[in-house]
Amino acid sequence: MERVVVTIIGPTCSGKTSLSLMLAEELQTEIISADSRQIFKYLSIGTAKPTKEETDKIKHHFIDTLEPDVNYNISKFEIDGLKVIEDLFSKNKIPVVVGGSGLYIKALVDGIINDVETDDEYRAELMKQREEFGNEHIYNILREVDPQSAENMLPQNWKRVIRALEVFHISGKPIWQHHNEQKRDTDIKFLQYGLNWDREILYKNIEKRVDQMVNDGLLAELQNVLEMGFDRSVNALNTVGYKELYDFIDEKITLERAIELIKRDTRRFAKRQFTWFRRDERIKWFDVNSASDLSEIKNSILKDLELKTGL
RNA sequence: ACGUGAGUGGCUCAAUUGGCAGAGCAGCGGUCUCCAAAACCGCAGGUUGGGGGUUCGAAUCCCUCCUCACGUG
């Protein structure tokens, strides 16, 4: 049997979760979430996780698996995710991958550099130097050891600069060389389906959903996590829907303003997701105008699967 | 009706008092190979309410009309 993975992508609030549930039910399989935030426990309302009933019904991987202060990384996700995929294949199931985190999807579909780990100490050192001497300082270091990569980066984008330096530090080779050498042979075939919405309708839905989240207790959810002792600075809490609430908690802005900002940032996020996914020509897009279109899309995908796998 | 104030990009406001009309937000496009819901980059948009005048030069000064706000009737 051909080793096929169904992959559902799209911006936030596009109906990925519903569609994936329908598909998984029909295919009698499990769902692999490729979402950099739903993987954390306690952050449920703000990340629009599937409900407990839904996860009880269909098994989900990478949802609610980590404490918010855990430093997860994409390399781990690639390894863990592929493991689950293999496991499902061995049970004769077609894995369904769902997610809006483009890089997480990429890690599964194409792989990322896998021969260079991280060096937290060195990273911390670079961060310190950056704080002390500025972006230009670390950028200049990169320009010396790896001018070619430096050329394609801006000093302001310090995160990439640091990663490039880290790769060089660990491997002694510039990061672009790893990119060139990287290859992955696998017989797994990822069929990618995207949910495309008219921008205006999607934005309206986003606003509605943010209001719903607030009604459902978004603020209390955040306060609860903070009371548990997790610091605002942890990466999991540097998330749209939560980070905008800090200024309200500090009484710098009104709740109404904070909600406005959440809506704005969610719109911006959706836009960036479109930008990311748009350039991948392997994605087959479906136009969606309302949630009721999803079941038809599910059928199209199943039909496409039949064609491609001969099921 | 009279008085006062205001009118600048879709919105909120700048323009050193007469010297190239700018910014934030919204919008749109892009980058992305270990924090990615992150971190960045860019683009577009204005006959300065209309008309006239003064001036080498007007968003800015003068006249007039329109609109809005507040005050008085």
Side-chain angles (χ1 to χ4, degrees), chain A residues 10-14 16 33-40 43 45-49 66 68-81 99-120 122-124 126-127 130 135 138-139 149 151-167 169-171 174-184 199-200 203 206-207 209-210 213 233-244 257 260-280:
Chain A
T12 184
C13 207
S14 60
K16 298 187 296 288
S33 164
D35 188 300
S36 71
R37 301 292 132 123
Q38 291 185 358
I39 194 169
F40 294 108
L43 311 176
I45 298 170
T47 64
K49 276 181 202 164
L66 302 174
D69 57 352
V70 172
N71 224 343
Y72 198 63
N73 66 52
I74 295 165
S75 174
K76 281 184 200 154
F77 178 73
E78 179 182 344
I79 294 162
D80 298 343
S101 303
L103 190 57
Y104 278 56
I105 300 284
K106 185 183 174 68
L108 294 181
V109 175
D110 298 319
I112 52 156
I113 302 180
N114 48 24
D115 56 347
V116 184
E117 290 291 306
T118 56
D119 184 335
D120 292 341
Y122 183 64
R123 245 189 227 192
L126 288 172
M127 300 266 246
R130 170 181 170 264
N135 291 330
I138 55 172
Y139 180 74
S149 295
E151 193 133 325
N152 295 317
M153 291 175 199
L154 291 171
Q156 301 97 298
N157 208 340
W158 53 276
K159 284 199 181 195
R160 300 240 179 86
V161 173
I162 285 181
R163 174 60 184 161
L165 278 169
E166 181 183 47
V167 170
H169 178 76
I170 295 170
S171 69
I175 190 166
W176 57 265
Q177 207 166 323
H178 290 276
H179 295 167
N180 287 346
E181 289 165 4
Q182 176 189 1
K183 60 169 182 278
R184 185 202 227 187
R199 203 64 70 87
E200 244 175 87
Y203 284 1
I206 283 173
E207 294 185 3
R209 191 174 70 176
V210 170
M213 284 176 175
S233 65
V234 303
N235 189 45
L237 290 175
N238 184 201
T239 297
V240 173
Y242 301 103
K243 63 180 176 188
E244 294 84 358
R257 177 66 183 149
E260 251 174 61
L261 291 173
I262 292 174
K263 290 174 179 172
R264 180 194 75 184
D265 290 345
T266 308
R267 283 194 301 263
R268 288 177 172 178
F269 172 46
K271 198 156 90 72
R272 264 177 284 125
Q273 287 176 302
F274 273 129
T275 302
W276 176 284
F277 290 123
R278 210 158 19 199
R279 67 176 176 171
D280 190 338

Whole Å only: how far is the [atom1] atom of [X] from the [atom2] atom of [N]?
X: A:F274; N: B:G27; atom1: CZ; atom2: C1'; answer: 15 Å
X: A:D280; N: B:A36; atom1: CG; atom2: P; answer: 20 Å
X: A:F40; N: B:A37; atom1: CZ; atom2: P; answer: 11 Å

Report task. Could you check which of B:C35, B:C28, B:A36 has an atom nearest any side-chain atom of A:K159? Result ->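 Of the candidates, B:C35 comes closest.
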
Assigned glycosidic conformation for B:U55 [threshold 90° from 0]:
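Anti.
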
Students often get this wrong, so: under 4.0 angstrom with heavy atoms, is [X] touching a base, only sugar-phosphate, or nothing?
X: A:K76; value: nothing
X: A:R199; value: sugar-phosphate
X: A:V116; value: base
X: A:L154; value: sugar-phosphate
X: A:Y203; value: sugar-phosphate
X: A:D265; value: nothing

Q) Which value, in whole Å, describes the distance between the C1' atoms of nucleotides B:G9 and B:U4? A)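 Comparing C1' positions in B:G9 and B:U4 gives a spacing of 29 Å.
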
Between A:T266 and A:R209, do the side chains contain an N or O donor and an N or O acceptor separated by less than 3.5 Å?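 No donor-acceptor contact under 3.5 Å links the two side chains.
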
Regarding A:T239 and A:R37, do their side chains bring together a donor and an acceptor under 3.5 Å, going by distance alone?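 Side chains of A:T239 and A:R37: pair found under 3.5 Å.
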
Does the distance from a Lys or Arg side-chain N to an Asp or Glu carboxylate O, for A:E166 and A:R163, drop under 4.0 Å?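 Salt bridge flag = yes for A:R163 with A:E166.
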
Do A:Y242 and A:T47 make a side-chain contact, defined as non-hydrogen atoms from C-beta onward lying under 4.5 Å apart?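 They are in contact (side-chain heavy atoms under 4.5 Å apart), so the answer is yes.
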
Query raised in the report: With both distances under 3.5 angstrom, what nucleotide forms a Watson-Crick or G-U wobble pair with B:A58?
Result: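 Paired with B:A58, as far as the under-3.5 Å criterion goes, is no nucleotide at all.
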
Does A:H178 stack onto the base of B:U33, taking stacking as ring centres under 5.5 Å apart and planes under 30° apart?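 A:H178 vs B:U33: stacking no.
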
